[in-house]
Protein chains: 2
Amino acid sequence: MLKDILDNNENYQPGLSIDCVILGFHDNQLKVLLIKVERANKWSLPGGFIPVDQDIDTAAITVLNSRTGVDGVFLRQFATFGKVNRNNQHFDKKTLEYLQIEEEKGKWLTRRFVTIGYYALVDFSKILPNPAGKLELVEWIDHKEVPELILDHREILDKALDTLRIELNLMPIGYNLLPEKFTIPELQKLYETILDKKLDRRNFLRKITNIGILTKLDEKKSNVAHKAPNLYSFDKDKYEEVLKNGLNQGW
Amino acid sequence: MLKDILDNNENYQPGLSIDCVILGFHDNQLKVLLIKVERANKWSLPGGFIPVDQDIDTAAITVLNSRTGVDGVFLRQFATFGKVNRNNQHFDKKTLEYLQIEEEKGKWLTRRFVTIGYYALVDFSKILPNPAGKLELVEWIDHKEVPELILDHREILDKALDTLRIELNLMPIGYNLLPEKFTIPELQKLYETILDKKLDRRNFLRKITNIGILTKLDEKKSNVAHKAPNLYSFDKDKYEEVLKNGLNQGW
DNA sequence: CATTAATGTGTTATTATGACGCAATGTACT
DNA sequence: AGTACATTGCGTCATAATAACACATTAATG
């Protein structure tokens, strides 16, 4: 696939790439979708190059889909990374030899790449990791247990999480991250996981319900230890409305 | 200058540029630093290309300085723009002929450019617009009276202002935008201009002073009509502290 | 010296927040 | 069956933040 791109490098934006931070929520844990790069024996964010005939927002969808099979998610640009040395150890001579890439064509790869970061919150259960190449492994990794990543992907991931934490104060989240029916404690765990701090149960309930995006269902969660919590769903219309207008006015 | 870049295009990141939104405050109005492009007879944001040996954040400073002479400002990346057609009418054949650029070299320019947007808030009085080339005109333009801009620069400017409006709810601003001594009504005008809405004088005073970043001076503004307002200055230490920790916790 | 258009200070009602208490529920254990 | 236990649901209270507004103060102006 990389060779395809090199053979047709006129069709791709030079010196530019896209990397995606895909976040899901499962077992009360925040998960990140990562790809195992066999040759480097490291993990990486799903990323790739930008076709010259696609808007970068479109290219982000293309890239994500081609690497993981994931489709139909809303990707949000959050930052662009371009330190001088960010990829000068990535496609070195050894690697190019290993990949059987001629030195001349390799130049397209060895120069500094600037990468545009996109992130998405997705429904864990609906995403079936599905690698493009057979040498690649796509997996959900607990965000607390993310191993060493290639390049500056750790920095990109951290920046995405920082952005998400700020978003949390401006927008409601959860619609894409939780199943259709969920409990308040589950939603609270999501918030606590992202913010990395404990919240008061009772105050959380009051605040989250006051936003007016939740519908209390006449149904309780079954097969749980202790008292069965009530099930809720998002009121899509109100949710969208709050997304548009934001949460805290501030001024 | 453009020819210099083309003759040494190996030294610049291909297909990538930086554009800067420089905002100042004067006469109770928000001003934008713009460059008049004579050949296009349009105005543009100060922008340019990225040296391959510079981090993009550094390149932003370089670019701004080379176009306007402005130095020593804190530039903040806010978004990256990459629609397919964003610059396909900019360096067309006619323009390349006008600039006496050979068709082969021109290819470096005619492809789609992705641009990284940076913005800064600066002290209007300390910035003396100082064009790099004699064919260029650098000027402060009232943000309400910005004329037609080249490419998607209007979109970039709008996005910068949107970002600033959000920042306003998370961070204190004004340190770079106002002179050392200023009045509360002046600060309020700044907020009102950015937010494009009226605020209540008395509530504004209470809220802004509660943040704890202002020092009330034992001095009044002179030569003003009506009652002379008190002068204030920012408490730099506390200001920096709030910048670090943010304003509204939210959760 | 009254007029005018600002600024400075204070009040009040309402709402949001943080820190809790306590009863209800369903599982697990004896 | 009965009790302990962890967790949920609902409520209280003091405090802080917010929005809307009233009134006195100040300085230039004619």
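A, B, ... follow the sequence lines: proteins, then strands. Residue 1 opens every chain. These values consider heavy atoms only, across backbone and side chains, with no hydrogens, waters or symmetry-generated copies.
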**Asked** With distance as the sole criterion, is a donor-acceptor pair present between the side chains of B/Thr193 and B/Gln29 under 3.5 Å?
**Response** no
**Asked** Just how far, in rounded Å, is C1' of D/dA19 from CG of B/Leu199?
**Response** 12 Å
**Asked** In whole angstroms, how far is the C1' atom of D/dT8 from the CD atom of A/Gln188?
**Response** 11 Å
**B/Tyr119 vs B/Glu167 side-chain heavy atoms within contact, under 4.5 Å** = yes
**Message:** To the nearest 0.5 Å, what is the distance between CG on A/Leu64 and CG on A/Leu45?
**Reply:** 11.0 Å
**Request:** Could you check which of C/dG10, D/dA27, D/dG9 has an atom nearest any side-chain atom of A/Pro229?
**Result:** D/dG9
**Item:** Closest-nucleotide 5' rank along DNA chain C - winner of B/Gly250 and A/Asn223
**Value:** B/Gly250
**Request:** Measure the distance from CD1 on A/Ile208 to P on D/dG9 and round it to the nearest whole Å.
**Result:** 14 Å
**Prompt:** How many Å lie between CZ on A/Arg206 and P on C/dT17, as a whole number?
**Reply:** 8 Å
**Prompt:** Can you check the A/Lys221 NZ to C/dT27 C1' distance for me, whole Å?
**Reply:** 16 Å
**Asked** Under 6.0 Å between the ring centres of A/Tyr191 and A/Phe204?
**Response** yes
**Prompt:** So which nucleotide from D/dA6, D/dT8, D/dC10 ends up closest to the side chain of A/Pro185?
**Reply:** D/dT8
**Prompt:** Between C/dT17, D/dG11, C/dT9, which one does the side chain of A/Arg202 approach most closely?
**Reply:** D/dG11
**Prompt:** Parallel, tilted or perpendicular: which fits the ring planes of A/Phe124 and A/Trp140, with parallel below 30° and perpendicular above 60°?
**Reply:** tilted
**Request:** Whole angstrom is fine here: how far is it from CZ in A/Arg201 over to P in C/dG21?
**Result:** 12 Å
**Message:** Expressed as a whole number of angstroms, how long is the span from B/Ile211:CD1 to D/dA16:P?
**Reply:** 18 Å
**Asked** For the side chain of A/Lys207, counting heavy atoms from C-beta on, which of D/dA27, C/dT17, C/dA5 is nearest?
**Response** C/dT17
**Request:** Would you indicate what A/Asp200 reaches in the nucleic acid, counting non-hydrogen atoms under 4.0 angstrom: base, sugar-phosphate, or nothing?
**Result:** base
**Item:** Atom pair distance, as rounded to whole Å: CG in B/Asn203 and P in D/dA16
**Value:** 18 Å
**Prompt:** Can you find a side chain N or O atom of A/Lys216 that sits less than 4.0 Å from OP1 or OP2 on D/dC10?
**Reply:** yes
**Message:** If the cut-off is 4.0 Å, is B/Lys227 near the phosphate of C/dA5, judged by side-chain N/O to OP1 or OP2?
**Reply:** no
